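Remember, predicted model here, so these are calculated numbers, not experimental data. Chain letters run A, B, ... following the sequence lines, proteins first, then strands; residues in each count from 1.
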2 protein chains.
Amino acid sequence: MTTRKENSTNNHNEMYWKSNCGLSVTLAMIGGRWKINILTYLLNYPKLRYSELKEKLIGISERVLSAKLKELENDALIEKIEYEGFPPKVEYILTEKGKSLKEILDLMDRWGDQVIEKQDE
Amino acid sequence: MTTRKENSTNNHNEMYWKSNCGLSVTLAMIGGRWKINILTYLLNYPKLRYSELKEKLIGISERVLSAKLKELENDALIEKIEYEGFPPKVEYILTEKGKSLKEILDLMDRWGDQVIEKQDE
DNA sequence: CGGAATCCACAACGATACTG
DNA sequence: CAGTATCGTTGTGGATTCCG
């Protein structure tokens, strides 16, 4: 039985944060090692298959990729499209909600880049 | 010996992310359970003592608070001011770099709030 | 008061093997 | 192809004690 619960958004946001609420919700949805990378790829490509994501996310295990995709799907940031037939084919796309993260991700990206630049001075 | 290395920015960003570089640097600096809360408090208060932070960050252990403050200090987001005399007194303030995160934190906060609102519809 | 040291728990991640 | 199952490893956090 074991009754694991590897999905249901993030494992760590049961009743996780109390204050700074919006902030915490956001970080819970995009935090962790892989999610922003997945989201960023899906911002740059209209759609990606499971195997394409696995290829791009160097070092990710299938176990974790599946888990993260499921979390993102549960949080309605991405959508999964399954095609009938053989061989199986699945594609992932961003939802509108997912796309609305672009502004934040862009800003975080620029901020980080600036930090890197100043390091080298 | 054990040779632990609990500081040195984050444990998990040695050579952690390769692509989406700026993004990853940012998330590495503010990610995790407590850092954004610490930063947010320091955005709202000009300075806070160790004990004041411990009081506000409900549920944090001293071990973790120390670690997170050190990480933030190593990343130059906050600054530690030690006063001589007895009893000991320490205050933490944001650096300019730390303050420059305000835009991102605000944006993340608003995004999260919107998500919460739409949930209730 | 402001931590550091120690010890422990558990959640996240990685590798591999297997399945519809 | 797109996953799941299982296992082992590592990272991260909590509780407690002790020290300058």
Side-chain angles (χ1 to χ4, degrees), chain A residues 1-17 27-28 30-38 47-73 78-92, chain B residues 1-17 27-28 30-38 47-73 78-92:
Chain A
M1 266 280 277
T2 53
T3 319
R4 309 268 280 134
K5 44 145 207 224
E6 288 252 11
N7 2 353
S8 71
T9 193
N10 257 338
N11 290 342
H12 54 274
N13 73 354
E14 307 279 326
M15 180 43 205
Y16 203 52
W17 337 68
L27 203 60
I30 69 172
R33 174 162 180 182
W34 296 108
K35 285 182 178 178
I36 53 162
N37 285 318
I38 296 174
K47 55 194 166 132
L48 284 171
R49 303 181 61 167
Y50 181 88
S51 50
E52 292 173 321
L53 282 165
K54 194 173 75 175
E55 215 175 315
K56 292 178 186 308
L57 298 161
I58 300 162
I60 199 170
S61 67
E62 301 190 342
R63 184 190 182 300
V64 173
L65 178 55
S66 293
K68 297 307 151 187
L69 287 171
K70 203 169 288 178
E71 287 173 20
L72 290 169
E73 199 190 346
I78 67 173
E79 199 173 322
K80 174 177 172 176
I81 305 172
E82 289 181 269
Y83 297 88
E84 295 302 320
F86 197 87
K89 178 173 174 181
V90 175
E91 282 178 343
Y92 291 92
Chain B
M1 268 281 274
T2 52
T3 320
R4 308 269 280 133
K5 43 141 207 218
E6 286 253 14
N7 2 352
S8 73
T9 193
N10 257 338
N11 290 345
H12 55 272
N13 72 354
E14 309 277 328
M15 179 43 205
Y16 201 55
W17 336 68
L27 203 60
I30 69 172
R33 174 163 178 181
W34 295 109
K35 285 182 177 179
I36 52 163
N37 284 317
I38 297 174
K47 55 192 168 142
L48 285 170
R49 304 180 61 169
Y50 181 87
S51 51
E52 291 173 321
L53 281 166
K54 195 173 75 174
E55 216 175 314
K56 293 179 185 308
L57 298 162
I58 301 164
I60 200 170
S61 67
E62 300 190 345
R63 182 192 184 299
V64 174
L65 178 54
S66 295
K68 297 308 151 188
L69 287 171
K70 202 169 290 179
E71 287 174 18
L72 290 170
E73 200 191 345
I78 67 173
E79 199 173 321
K80 174 177 171 177
I81 305 171
E82 287 180 270
Y83 297 89
E84 296 301 320
F86 196 88
K89 178 174 174 181
V90 175
E91 282 177 344
Y92 292 92

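Each of B/E91, B/K89, B/R49 was compared with B/Y83 under the side-chain hydrogen bond (donor to acceptor under 3.5 Å, both in side chains) criterion, and only B/E91 meets it. Exactly one of B/L69, B/L48, B/L72 qualifies for a side-chain contact (heavy atoms from CB on, under 4.5 Å) with B/Y92. That residue is B/L69.
The residue A/Y83 sits apart from the nucleic acid: no heavy atom pair falls under 4.0 Å. As judged by a 4.0 angstrom heavy-atom cut-off over every strand, A/S66 is placed among the base-contacting residues.
Within the structure, every side-chain polar atom (N or O) of B/K70 is placed at least 4.0 Å from both OP1 and OP2 of C/dG3.
For A/Y50, the side-chain atoms get nearest to D/dA2 when compared with the rest of C/dA15, C/dG3, D/dA2. With C/dA5, C/dC13, D/dA2 as the choices, the nucleotide that has an atom nearest any side-chain atom of A/S51 turns out to be D/dA2. Here the side chain of A/R63 is nearest to one of D/dA2, C/dA17, D/dC7, namely D/dC7.
Between the CD atom of B/E73 and the C1' atom of C/dA4 there is a distance of 15 Å, given to the nearest Å. Rounded to whole angstrom, the span from the CD atom of B/E84 across to the C1' atom of C/dC1 amounts to 14 Å. In this entry the distance linking CD of B/E55 with C1' of C/dC1 reads 13 Å, nearest Å. Rounded to whole Å, the distance from CD1 on A/I58 to P on C/dC13 is 18 Å. As a whole-Å value, the separation of A/R49 CZ from D/dC1 C1' is 7 Å. Distance CD (B/E52) to C1' (C/dG2): 13 Å, rounded to an integer number of Å. Atom pair A/K68:NZ and D/dT4:P shows a separation of 14 Å (rounding to whole Å applied). One interatomic measurement links the two molecules: CG of B/L69 to P of C/dC1, which rounds to 17 Å at whole-angstrom precision.
If A/G59 and A/P88 are placed on DNA chain C by their nearest nucleotide, the residue sitting closer to the 5' end is A/G59. Projected onto DNA chain D by closest heavy-atom contact, B/S61 and A/K80 fall at different nucleotides, the more 5' of which corresponds to A/K80. For the pair A/I60 and A/F86, both in contact range of DNA chain C, the more 5′-proximal nearest nucleotide belongs to A/I60.
In this structure, B/L27 and A/L27 have side chains that are in contact, with non-hydrogen atoms separated by less than 4.5 Å.
Salt bridge B/K70/B/E73: absent, no basic N to carboxylate O contact under 4.0 Å.
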Intermediate values then yes/no, side-chain contact (heavy atoms from CB on, under 4.5 Å), B/K68 and B/I38: CA-CA 9 Å; B/K68 297 308 151 188; B/I38 297 174; 3.8 Å; yes

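Taking 3.5 Å as the limit, the base of D/dT12 and the side chain of B/R33 contain no donor-acceptor pair of atoms between them.
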